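So the structure is just underneath, and the comments pick up after that.
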Amino acid sequence: MKNHLFYLIPKADLTYVHEEDSFQSVLDIFLTSTYTALPVIDDKGHYLFTVGEGDLLRTLYMSCKHPDISLDNFTIGDIEPKIKVEAAPIATEFKEVVRMAMHQNFVPLVDDQRVLIGILRRQELISELMAGLDGDDLKKL
(Lines give C-alpha, C1' and ligand atoms only; values in the text may rest on other atoms or scores of the structure.)
Protein backbone atom coordinates (compact mmCIF):
# COMPACT_ATOMS: atom_id res chain seq x y z
CA MET A 1 0.00 0.00 0.00
CA LYS A 2 1.09 3.53 -0.66
CA ASN A 3 1.83 5.99 2.05
CA HIS A 4 -1.39 7.78 3.04
CA LEU A 5 0.46 11.10 2.80
CA PHE A 6 0.30 10.58 -0.97
CA TYR A 7 -3.43 11.41 -0.65
CA LEU A 8 -2.98 14.47 1.55
CA ILE A 9 -4.90 17.53 0.44
CA PRO A 10 -2.61 20.28 1.72
CA LYS A 11 -3.89 23.18 3.78
CA ALA A 12 -3.11 25.56 0.90
CA ASP A 13 -5.74 23.73 -1.20
CA LEU A 14 -8.40 23.50 1.54
CA THR A 15 -11.30 25.62 2.53
CA TYR A 16 -11.11 26.09 6.27
CA VAL A 17 -12.34 28.74 8.67
CA HIS A 18 -10.89 30.62 11.62
CA GLU A 19 -12.42 30.51 15.07
CA GLU A 20 -13.00 34.28 14.97
CA ASP A 21 -14.93 34.16 11.66
CA SER A 22 -18.50 35.33 11.95
CA PHE A 23 -21.45 32.97 11.86
CA GLN A 24 -22.70 34.70 8.70
CA SER A 25 -19.41 34.39 6.81
CA VAL A 26 -19.19 30.65 7.50
CA LEU A 27 -22.87 30.18 6.66
CA ASP A 28 -22.16 31.89 3.32
CA ILE A 29 -19.37 29.39 2.61
CA PHE A 30 -21.72 26.47 3.25
CA LEU A 31 -24.47 28.01 1.12
CA THR A 32 -22.20 28.62 -1.88
CA SER A 33 -20.23 25.36 -1.80
CA THR A 34 -20.81 21.63 -1.64
CA TYR A 35 -19.02 21.30 1.70
CA THR A 36 -20.86 19.76 4.64
CA ALA A 37 -18.05 20.27 7.17
CA LEU A 38 -15.03 22.55 7.50
CA PRO A 39 -11.94 22.47 9.70
CA VAL A 40 -11.67 25.33 12.21
CA ILE A 41 -8.25 26.72 13.13
CA ASP A 42 -7.01 29.39 15.52
CA ASP A 43 -4.84 32.40 14.64
CA LYS A 44 -1.68 30.25 14.81
CA GLY A 45 -3.08 27.59 12.49
CA HIS A 46 -3.81 24.99 15.19
CA TYR A 47 -6.66 22.62 14.39
CA LEU A 48 -9.47 23.15 16.91
CA PHE A 49 -12.50 21.25 15.64
CA THR A 50 -14.65 20.69 12.59
CA VAL A 51 -17.87 22.65 12.14
CA GLY A 52 -20.69 21.02 10.21
CA GLU A 53 -23.84 22.29 8.56
CA GLY A 54 -25.85 20.80 11.41
CA ASP A 55 -23.89 22.83 13.94
CA LEU A 56 -24.87 26.02 12.12
CA LEU A 57 -28.48 24.87 11.83
CA ARG A 58 -28.65 24.18 15.58
CA THR A 59 -27.14 27.59 16.31
CA LEU A 60 -29.63 29.29 14.00
CA TYR A 61 -32.49 27.40 15.65
CA MET A 62 -31.31 28.46 19.11
CA SER A 63 -31.14 32.09 18.02
CA CYS A 64 -34.75 31.89 16.81
CA LYS A 65 -35.91 30.34 20.08
CA HIS A 66 -33.89 32.74 22.22
CA PRO A 67 -33.99 36.29 20.84
CA ASP A 68 -31.29 37.34 23.31
CA ILE A 69 -28.79 35.31 21.23
CA SER A 70 -27.51 37.63 18.52
CA LEU A 71 -25.80 35.93 15.62
CA ASP A 72 -24.32 39.29 14.63
CA ASN A 73 -21.78 38.90 17.45
CA PHE A 74 -21.46 35.13 17.19
CA THR A 75 -18.19 33.60 16.00
CA ILE A 76 -17.54 30.05 14.87
CA GLY A 77 -15.37 29.58 17.94
CA ASP A 78 -18.53 30.04 20.03
CA ILE A 79 -20.12 26.94 18.51
CA GLU A 80 -20.02 23.63 20.32
CA PRO A 81 -19.79 21.00 17.56
CA LYS A 82 -22.09 18.01 17.94
CA ILE A 83 -19.69 15.58 16.27
CA LYS A 84 -16.04 15.46 17.27
CA VAL A 85 -13.80 15.02 14.23
CA GLU A 86 -10.56 13.55 15.46
CA ALA A 87 -7.26 14.85 14.05
CA ALA A 88 -4.30 12.57 13.40
CA PRO A 89 -0.64 13.41 13.95
CA ILE A 90 1.36 13.29 10.73
CA ALA A 91 3.20 10.11 11.83
CA THR A 92 -0.04 8.12 12.27
CA GLU A 93 0.05 4.77 10.50
CA PHE A 94 -2.19 4.08 7.49
CA LYS A 95 -4.26 1.48 9.34
CA GLU A 96 -5.09 3.94 12.13
CA VAL A 97 -5.98 6.71 9.66
CA VAL A 98 -8.36 4.32 7.90
CA ARG A 99 -9.91 3.40 11.27
CA MET A 100 -10.49 7.08 11.96
CA ALA A 101 -11.94 7.62 8.47
CA MET A 102 -14.52 4.91 9.11
CA HIS A 103 -16.21 7.32 11.50
CA GLN A 104 -15.66 10.68 9.79
CA ASN A 105 -15.65 11.98 6.20
CA PHE A 106 -12.11 13.27 6.45
CA VAL A 107 -9.19 13.10 8.83
CA PRO A 108 -7.41 16.37 9.60
CA LEU A 109 -3.65 15.84 9.71
CA VAL A 110 -1.66 17.92 12.18
CA ASP A 111 2.01 18.39 13.03
CA ASP A 112 3.54 17.99 16.49
CA GLN A 113 2.17 21.39 17.57
CA ARG A 114 -1.36 20.50 16.26
CA VAL A 115 -1.00 22.91 13.33
CA LEU A 116 -3.28 21.83 10.49
CA ILE A 117 -1.25 20.42 7.59
CA GLY A 118 -4.15 19.18 5.46
CA ILE A 119 -6.81 16.50 5.31
CA LEU A 120 -7.16 12.93 4.15
CA ARG A 121 -10.55 12.24 2.60
CA ARG A 122 -12.25 8.93 3.23
CA GLN A 123 -12.92 8.33 -0.48
CA GLU A 124 -9.21 8.37 -1.39
CA LEU A 125 -8.35 6.04 1.49
CA ILE A 126 -11.06 3.59 0.39
CA SER A 127 -9.80 3.79 -3.20
CA GLU A 128 -6.31 2.87 -1.99
CA LEU A 129 -7.69 -0.07 -0.04
CA MET A 130 -9.69 -1.24 -3.06
CA ALA A 131 -6.63 -0.99 -5.32
CA GLY A 132 -4.81 -3.38 -2.99
CA LEU A 133 -7.48 -6.10 -3.28
CA ASP A 134 -7.22 -8.91 -5.80
CA GLY A 135 -10.09 -10.31 -7.85
CA ASP A 136 -11.13 -12.86 -5.22
CA ASP A 137 -11.23 -10.17 -2.53
CA LEU A 138 -13.41 -7.95 -4.76
CA LYS A 139 -15.89 -10.80 -5.34
CA LYS A 140 -16.37 -11.04 -1.56
CA LEU A 141 -17.53 -7.44 -1.43
Side-chain angles (χ1 to χ4, degrees), residues 1-66 68-141:
M1 295 220 176
K2 294 185 178 160
N3 186 324
H4 57 281
L5 296 179
F6 178 75
Y7 300 102
L8 178 72
I9 300 170
K11 183 178 173 184
D13 296 337
L14 289 180
T15 299
Y16 55 88
V17 296
H18 293 89
E19 67 179 331
E20 66 274 356
D21 287 347
S22 71
F23 177 88
Q24 185 63 54
S25 68
V26 176
L27 179 61
D28 289 343
I29 292 171
F30 279 113
L31 292 174
T32 59
S33 72
T34 59
Y35 301 122
T36 59
L38 295 168
V40 179
I41 62 172
D42 67 12
D43 61 344
K44 291 185 168 92
H46 300 109
Y47 172 77
L48 300 174
F49 61 92
T50 293
V51 65
E53 289 175 313
D55 298 322
L56 295 184
L57 184 59
R58 277 185 295 287
T59 303
L60 183 59
Y61 175 79
M62 292 303 290
S63 74
C64 291
K65 288 288 190 184
H66 304 281
D68 54 318
I69 298 175
S70 171
L71 293 181
D72 294 334
N73 302 325
F74 216 78
T75 66
I76 290 309
D78 295 327
I79 291 179
E80 182 73 30
K82 183 175 183 179
I83 298 172
K84 183 178 190 272
V85 174
E86 194 178 349
I90 188 115
T92 304
E93 292 185 23
F94 181 79
K95 184 176 180 178
E96 179 62 15
V97 171
V98 170
R99 184 202 61 76
M100 294 169 73
M102 288 173 53
H103 306 286
Q104 52 197 57
N105 290 334
F106 63 86
V107 178
L109 230 55
V110 296
D111 69 10
D112 293 337
Q113 284 76 46
R114 290 205 43 90
V115 172
L116 181 66
I117 297 169
I119 64 167
L120 297 166
R121 293 189 304 186
R122 179 168 44 197
Q123 66 190 42
E124 280 88 4
L125 296 172
I126 291 172
S127 292
E128 176 60 21
L129 287 171
M130 295 294 291
L133 298 176
D134 63 24
D136 290 336
D137 291 331
L138 290 173
K139 288 177 188 173
K140 293 176 187 175
L141 295 177

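Just so it is clear, the model here is predicted, and its values are computed rather than measured.
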**Q.** side chain to side chain donor-acceptor pair (under 3.5 Å) assessment of Thr75 paired with Asp78
**A.** CA-CA 5 Å; Thr75 66; Asp78 295 327; 3.1 Å; yes

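- For Glu19 against Asp42, the heavy-atom pair with the smallest separation is OE2-CB, 3.2 Å.
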Q.
Would Leu109 and Thr92 count as a side-chain contact (heavy atoms from CB on, under 4.5 Å) here? Give the steps.
A. CA-CA 9 Å; Leu109 230 55; Thr92 304; 5.7 Å; no

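- Between Phe106 atom CZ and Thr50 atom OG1 the span is 4.0 Å, to the nearest 0.5 Å.
- Under the ring-ring contact (aromatic ring centres under 6.0 Å, His included) criterion, Tyr16 pairs with His18, sequence neighbours left out.
- When all heavy atoms of Pro81 and Asp55 are compared, the closest pair comes out as CA-OD1, 3.5 Å.
- Side-chain N or O atoms of Glu53 include none that pairs as donor or acceptor with a backbone N or O of Phe30 at under 3.5 Å.
- At a threshold of 4.5 Å between non-hydrogen side-chain atoms, the residues Leu56 and Ile76 count as touching.
- Heavy-atom contacts from other residues, nucleotides or ligands closer than 6.0 Å to CD1 of Ile90 number more than 12.
- With rounding to the nearest 0.5 Å, the separation of OH in Tyr7 from CD1 in Ile119 is 15.0 Å.
- Residue Phe49 holds its CZ atom at 10.5 Å from CG of Leu38, rounded to the nearest 0.5 Å.
- Arg114 places no side-chain N or O within donor-acceptor distance of the main-chain N or O of His46, the cut-off being under 3.5 Å.
- Proximity of Ile41 to Leu48: side-chain heavy atoms (C-beta onward) are nowhere separated by under 4.5 Å.
- Asn105 places no side-chain N or O within donor-acceptor distance of the main-chain N or O of Arg122, the cut-off being under 3.5 Å.
- Put simply, the side chain of Ile117 does not reach to within 4.5 Å of the side chain of Tyr47, judged on heavy atoms.
- Here the shortest heavy-atom pairing between Leu71 and Leu60 reads CD1-CD1, 3.7 Å.
- Among all heavy-atom pairs drawn from Glu86 and Gln104, the shortest one is O-NE2, 2.7 Å.
- Residues Arg99 and Glu96 approach most closely at NH2-OE2, 2.5 Å, considering heavy atoms.
- Taken to the nearest 0.5 Å, the CG atom of Asp72 stands 10.5 Å off from the CZ atom of Phe23.
- Going from atom OH of Tyr35 over to atom CD1 of Ile29 covers 9.0 Å, rounded to the nearest 0.5 Å.
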